[in-house]
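Down below is the structure, laid out as structure tokens.
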Amino acid sequence: MNWLGRTLEAEVGPVAHGGHCVSRVDGRVVFVRHALPGEVVLAEVTEDKGGSYCRADAVKVLEPAPERVEPPCPVAAECGGCDWQHATHDFQRELKSRVVAEQLSRLAGIEWPVTVEALPGGPLGWRSRVRLIAGKDGRAGLRAHHSHRVVPLDGCPIAVPGALDAVLSRRWRPDTEVEVTADGDGRTHVRELSVVRGKRRARQLAGGTAVQNAAGRDWKFDAHGFWQVHPAAAGMFAQVVGEWAGASSDALVWDLYAGVGLFASVLAGQVGPGGEVVAIESGRRAVADGEVALADLPQLSWRCGRVEHVLRDLPGRPEVVVLDPPRSGAGRAVVESIVERAPARIVYVACDPAALARDVATFTGGGYRLERLRAFDAFPMTHHVECIALLSR
Ligand SMILES: C[S@@+](CC[C@H](N)C(=O)[O-])C[C@H]1O[C@@H](n2cnc3c(N)ncnc32)[C@H](O)[C@@H]1O
């Protein structure tokens with residue numbers, strides 16, 4: 001059975017993780033993009049690998065939901081960068097709240113009422129890092145959803161105003177990737193990534209060292225390394241992590257997947273000169289930048305390596321463990337290593353609610369319970385959401 005290219009009339013059901021809603025047509029599940037729960041739409045099937053489900057895109061709305069709005073971006077329906085431009089900002093947060101609650105229920109067996117909170121600044125002009133790609137005509141753009149096709153851009157309303165202007169106004173060699181970062185000082189950093197005679201080459205075209213201010217200090221680091229993309233996120237997350245970690249004076253604390261040490265800096269202040277914070281991070285440049293930025297904190301030490309390896313030989317029993325893994329989550333082995341050391345509190349910062357729910361299930365299996373959860377709309381217009389969870393024994 002292959003419905004690719006068919007147009008279906010679909011009654012749109014609940015939102016699902018990934019920026020689409022679920023509907024059922026002739027006994028098959030259809031994941032429909034650009035629709036909202038309760039709508040009736042005509043949807044064109046865009047991907048069908050056979051089996052019980054296929055993917056489709058709403059091409060005509062027959063019965064709109066009250067939360068539907070005109071997307072602010074003219075290419076919102078084509079570009080894979082945003083998922084929810086056709087919903088009010090309040091309803092985007094409601095959709096994300098439902099997704100986080102559903103993932104916790106389905107994957108961790110936890111019923112938890114979730115309210116995704118807005119960050120200051122509104123739904124547009126927040127994105128401080130964008131990776132563009134040049135299409136065959138040399139114009140930079142973003143890929144269409146689940147496709148290699150490049151949608152050329154004249155602008156991007158969710159990007160920090162002005163940040164992409166220079167990159168979008170010129171032509172590039174086809175397939176060149178261009179990373180743009182706007183930092184806290186309003187400077188734009190541009191790096192070109194291309195493959196020349198089979199070898200990947202990175203060339204810095206503008207800037208290179210980003211400056212940010214968060215958690216009460218100035219930071220300088222590789223502009224293309226990790227930093228929260230929403231300008232208000234780093235400060236807010238550091239505040240929540242600090243509040244929930246509540247590390248005692250002189251305690252031992254771990255900061256796993258530490259980046260340049262945003263959370264480690266807060267934890268080091270809590271444990272004081274008599275305590276110890278161990279920050280683990282796999283990126284060498286991030287560790288080097290973190291060592292310089294936090295050189296005034298002798299209670300902080302760095303381990304450069306993968307958390308799953310470093311934890312095996314790391315001595316001690318921490319009072320608090322903070323972890324902020326990449327999208328795939330920490331995984332069973334890392335969670336079990338943490339549980340073995342029996343910290344009193346675990347603060348988990350997560351950019352994927354499914355990975356969070358899977359890891360929370362492993363923590364609860366190891367005797368922890370979910371105490372608190374906050375979720376933030378750190379990526380308006382997209383389906384992404386950031387959660388912070390506090391677990392304790
Ligand atoms: C989501 S970022 C968090 C950074 C930091 N907590 C912050 O808020 O700025 C995840 C970090 O984990 C690092 N990383 C990814 N996989 C890792 C692993 N297996 N072990 C150690 N670090 C890892 C990445 O280089 C990245 O800096």
Side-chain angles (χ1 to χ4, degrees), residues 1-73 75-109 111-116 123 142-147 149 151 327 352-358 375 377 379-385:
M1 180 180 311
N2 193 321
W3 291 355
L4 188 65
R6 263 178 70 174
T7 301
L8 315 167
E9 182 170 322
E11 278 181 36
V12 181
V15 61
H17 185 29
H20 43 230
C21 296
V22 184
S23 77
R24 278 173 202 279
V25 179
D26 294 343
R28 291 184 86 199
V29 169
V30 183
F31 293 112
V32 190
R33 272 174 68 75
H34 301 120
L36 294 174
E39 292 188 327
V40 178
V41 299
L42 289 182
E44 190 178 305
V45 177
T46 51
E47 191 182 314
D48 191 349
K49 296 189 174 137
S52 60
Y53 76 91
C54 61
R55 297 182 189 280
D57 204 359
V59 288
K60 185 165 188 192
V61 182
L62 303 177
E63 291 176 29
E67 301 87 0
R68 179 169 278 274
V69 292
E70 193 58 37
C73 175
V75 295
E78 280 183 81
C79 172
C82 289
D83 308 289
W84 297 124
Q85 288 217 4
H86 56 289
T88 64
H89 190 207
D90 283 352
F91 196 57
Q92 292 178 24
R93 291 202 307 282
E94 169 59 27
L95 292 170
K96 296 183 198 199
S97 303
R98 291 179 196 175
V99 167
V100 176
E102 191 259 343
Q103 296 294 308
L104 282 170
S105 169
R106 197 160 58 79
L107 300 173
E111 301 308 317
W112 196 276
V114 179
T115 303
V116 172
L142 290 171
R143 291 197 193 280
H145 185 68
H146 274 228
S147 163
R149 188 168 64 85
V151 178
R327 202 162 294 287
D352 183 85
L356 171 69
R358 280 193 298 273
D377 193 10
F379 313 91
M381 302 291 188
T382 79
H383 73 273
H384 297 289
V385 55

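The shown structure was predicted, so the numbers you read here are calculated from the model rather than taken from an experiment.
- Rounding to the nearest 0.5 Å places CG of L356 at 6.0 Å from CG of L104.
- Between the side chains of H384 and R327, at least one donor N or O lies within less than 3.5 Å of an accepting N or O.
- Between D83 and H145, the side chains place no donor N or O within less than 3.5 Å of an acceptor N or O (distance only, hydrogens not considered).
- In this structure, the side chains of D48 and R28 come closer than 4.5 Å at one or more pairs of heavy atoms.
- Of all the heavy atoms in E78 and V151, the pair that sits closest is O-CG2, 3.8 Å.
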message: Quick one, H146 with E47, criterion side chain to side chain donor-acceptor pair (under 3.5 Å). Give me CA distance, side-chain angles, the key distance, then yes/no.
response: CA-CA 9 Å; H146 274 228; E47 191 182 314; 2.8 Å; yes

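- Judged by distance alone, the side chains of E111 and S105 do bring a donor and an acceptor atom under 3.5 Å apart.
- With contacts defined as side-chain heavy-atom distances shorter than 4.5 Å, the pair V69/H89 does not qualify.
- One distance of note links CD of E94 with CG of D377; it measures 12.0 Å at 0.5 Å rounding.
- The two residues V12 and A35 come nearest to each other via the heavy atoms CG2-CB, 3.8 Å.
- With V41 as reference, V32 is the one residue of V32, L8, L36 to meet the side-chain contact (heavy atoms from CB on, under 4.5 Å) rule.
- When all heavy atoms are compared, the tightest approach of S23 to E11 is CB-O, 3.1 Å.
- Judged by distance alone, with hydrogens and angles left aside, the side-chain atoms of Q85 form no donor-acceptor pair with the main-chain N or O of M381 at under 3.5 Å.
- Here the closest non-hydrogen pair linking A357 and A108 is O-CB, 3.5 Å.
- F31 and V29 get closest at one heavy-atom pair: CZ-CG1, 3.9 Å.
- Without hydrogens or angle criteria, E67 side chain to A87 main chain gives no donor-acceptor distance under 3.5 Å.
- In this structure, the side chain of Q103 does not engage the main chain of P353 through any donor-acceptor pair within 3.5 Å.
- What you find for R33 and C79 is that their closest heavy atoms are NH2-O, 4.2 Å.
- A donor-acceptor pair under 3.5 Å links the side-chain atoms of T382 to the main chain of F379, judged by distance alone.
- The closest side-chain heavy-atom distance from W84 to H86 is below 4.5 Å.
- Under a 4.0 Å N-O distance rule, the pair E102/R98 does not qualify as a salt bridge.
- Note: T7 OG1 to D57 CG = 10.5 Å, rounded to the nearest 0.5 Å.
- Environment of CZ in R24: sparse, with no more than 12 heavy atoms of neighbouring residues, nucleotides or ligands closer than 6.0 Å.
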